[in-house]
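Working notes, beginning with the structure itself.
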Amino acid sequence: MTPSRLELSPIVAGLWRLTEWQLDVPGRVRWIEQAMELGISSFDHADIYGDYRAEALFGEALKAAPGLRRRMQLVSKCGIRLRSADRPYRLNHYDTSAAYVRAQVERSLVNLHTDQLDLVLIHRPDYLMDAAALAETFRTLTAEGKVLHWGVSNHSASQFALLHQCHPLQTNQLEFSPLALQALDDGTLDQAQQLGLRPMIWSPLAGGRLFTGEDERARRVRLAMQPIADRLGISLATLAYAWILRHPSRPHPITGSGRIDALGEAVAALPITLDAEDWYAIWTASQGHPVP
Ligand code: NAP
């Protein structure tokens, strides 16, 4: 029977950059085991990551250590037709047709060496999406046992609502960080809180720009964050995760690093509750002006 809600680990590990990590198969197995030892049991993939190659690298590790699969939750995404050497589309575009979603889900299953995905997200809003038809695709693939739960990523609140009324969605995976505040105001995080559907958060460290960005905003945010981090005795990264976790929608931040230490910095944020002054100090630095 399909459980009604999927439980992801509080911190999710993202595999977008896996092809850059130069890990051999035993190294990938060890990396997964170490993530799981930290309490990270949910892994975020997409069909297109690493030019369509990342899922297979992860799948090789699951094949080498098959006991891992049943202790983890596998998340993947589909719906982007990205030009690639063996996919010579005229241009990048979105496709949520039954045939394409099915083909990509089945390909992810093969690549990841598994029979079932715990959660599949439509990666970006397809302006040509027929919500009722896509919901039917979701039902069929769930009935076949291939996908337990469905969700979306980067969808506006109204795009989420449209699909959610045709088929229950588990989450909207959104960008949110001290350098990306739009989800606070565009209704997506409000909707997540309203529906009690915890959002997943991508690029929680702004893809590394939080540390390395040389633009005025990144410098301002670092300058505001460092004394708070020092006072709390935590790293800048842990403070960024704590800032995200402070949102009442109860987000699941997705790490992006290949370094286990960096995953530890995310987990270290879980027991921290920032006070409102610290939270707003970071918001203020990012906006470049005080609250009105
Ligand atoms: P991120 O944590 O914001 O950025 C990770 C990058 O920051 C890595 O290159 C990492 O390098 C660097 N970094 C981490 N700590 C650092 C430090 N202390 N100093 C300097 N650089 C540091 O996350 P992300 O990779 O952008 O995204 C996380 C996950 O979200 C992805 O893996 C993917 O699963 C998901 N995602 C989803 C979407 C979507 O549209 N749904 C879009 C983007 C990402 P090191 O590896 O060297 O630590």
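Position 1 is the first residue of the sequence; numbering continues from there. Every number for a ligand or one of its atoms is a count from 1 in the order of the listing.
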Next on the checklist: Below 4.0 Å, non-hydrogen atoms only: which portion of Thr255 touches ligand 1? Side chain, backbone, both or neither.
Outcome noted: backbone

Item to check | Residue part near ligand 1, for Arg124, under 4.0 Å between non-hydrogen atoms | outcome: side chain

Next on the checklist: If the contact criterion is a heavy-atom separation under 4.0 Å, does Ala262 count as touching ligand 1?
Outcome noted: no

Next on the checklist: My question is simple, although I want it checked carefully: is atom 11 (O) of ligand 1 less than 4.0 angstrom from any protein heavy atom?
Outcome noted: no

Checklist entry - Any Lys/Arg nitrogen of Arg30 or Glu37 sitting under 4.0 Å from an Asp/Glu carboxylate oxygen of the other? => result yes

Checklist entry - Purely on distance, is any nitrogen or oxygen of Gly208 under 3.5 Å from one on ligand 1? => result yes

Item to check | Check: Leu205 N/O within less than 3.5 Å of ligand 1 N/O | outcome: yes

Next on the checklist: Students should be able to answer this: which protein heavy-atom is nearest to atom 34 (O) of ligand 1, and at what distance?
Outcome noted: Asp44 OD2, 2.6 Å

Next on the checklist: Within the structure, is a non-hydrogen atom of Ala206 found at a distance of less than 4.0 Å from ligand 1?
Outcome noted: yes

Checklist entry - Considering only heavy atoms, which of Trp21, Phe43, Tyr49, Trp202 lies nearest to atom 33 (C) of ligand 1? => result Tyr49

Checklist entry - Can we say Arg139 and Glu136 salt-bridge, meaning some charged N sits less than 4.0 Å from an Asp/Glu carboxylate O? => result yes

Checklist entry - Are any of the N/O atoms in Arg17 less than 3.5 Å from those in ligand 1? => result yes

Checklist entry - Which protein heavy atom lies closest to atom 48 (O) of ligand 1, and at what distance to 0.1 Å? => result Ser257 OG, 2.6 Å

Checklist entry - Hey, does the side chain of Arg69 reach the backbone of His113 with a donor-acceptor pair shorter than 3.5 angstrom? => result no

Item to check | Asp44 and Lys77 ion-paired at < 4.0 Å | outcome: yes

Next on the checklist: Can you confirm, on distance only, whether ligand 1 has an N/O atom lying under 3.5 Å from any N/O atom belonging to Ser153?
Outcome noted: yes

Checklist outcome for this item: Quick look: Lys77 vs ligand 1, heavy-atom contacts under 4.0 Å, and the answer is side chain

Item to check | His123 contact mode with ligand 1 (heavy-atom cut-off under 4.0 Å) | outcome: side chain

Next on the checklist: Please report whether ligand 1 has a polar contact with Phe211, defined as an N or O pair separated by less than 3.5 Å (distance criterion only).
Outcome noted: no

Checklist entry - Heavy-atom contact under 4.0 Å between Arg209 and ligand 1? => result no

Checklist entry - If you draw the axis of the six-membered ring of Tyr100, does the NZ or CZ of Arg81 fall within 45° of it and under 6.0 Å from the ring centre? => result yes

Checklist entry - If hydrogens are left out, which of Gly207, Ala46, Gly14 has an atom nearest to atom 4 (O) of ligand 1, that is, the closest non-hydrogen atom? => result Gly207

Next on the checklist: Geometry only, no angles: is Arg259 polar-contacting ligand 1 at N/O separations under 3.5 Å?
Outcome noted: yes

Next on the checklist: Tell me whether the rings of Phe138 and His167 are parallel (<30°), tilted (30 to 60°) or perpendicular (>60°).
Outcome noted: perpendicular

Checklist entry - In the protein, which heavy atom is nearest to atom 26 (O) of ligand 1, and how far is it? => result Ser203 OG, 2.6 Å

Checklist entry - When rounded to the nearest 0.5 angstrom, what is the spacing between CG in Leu119 and CG in Leu121? => result 4.5 Å

Next on the checklist: Would Arg28 and Phe58 count as a cation-pi pair here, with the cationic atom under 6.0 angstrom from the ring centre and within 45° of the axis?
Outcome noted: no

Checklist outcome for this item: Ranked by distance from atom 40 (O) of ligand 1, the top protein heavy atom is Asn154 ND2, 2.9 Å

Item to check | Lys/Arg-Asp/Glu bridge criterion (N-O < 4.0 Å) met for Arg71, Glu33 | outcome: no

Next on the checklist: Can you tell me which portion of Leu236 lies within the under-4.0 Å heavy-atom range of ligand 1? Options are side chain, backbone, both, or neither.
Outcome noted: neither

Checklist entry - Has His45 got any heavy atom lying under 4.0 angstrom from an atom of ligand 1? => result no

Checklist entry - Does any N/O atom on Gln173 come nearer than 3.5 Å to any N/O atom on ligand 1? => result yes

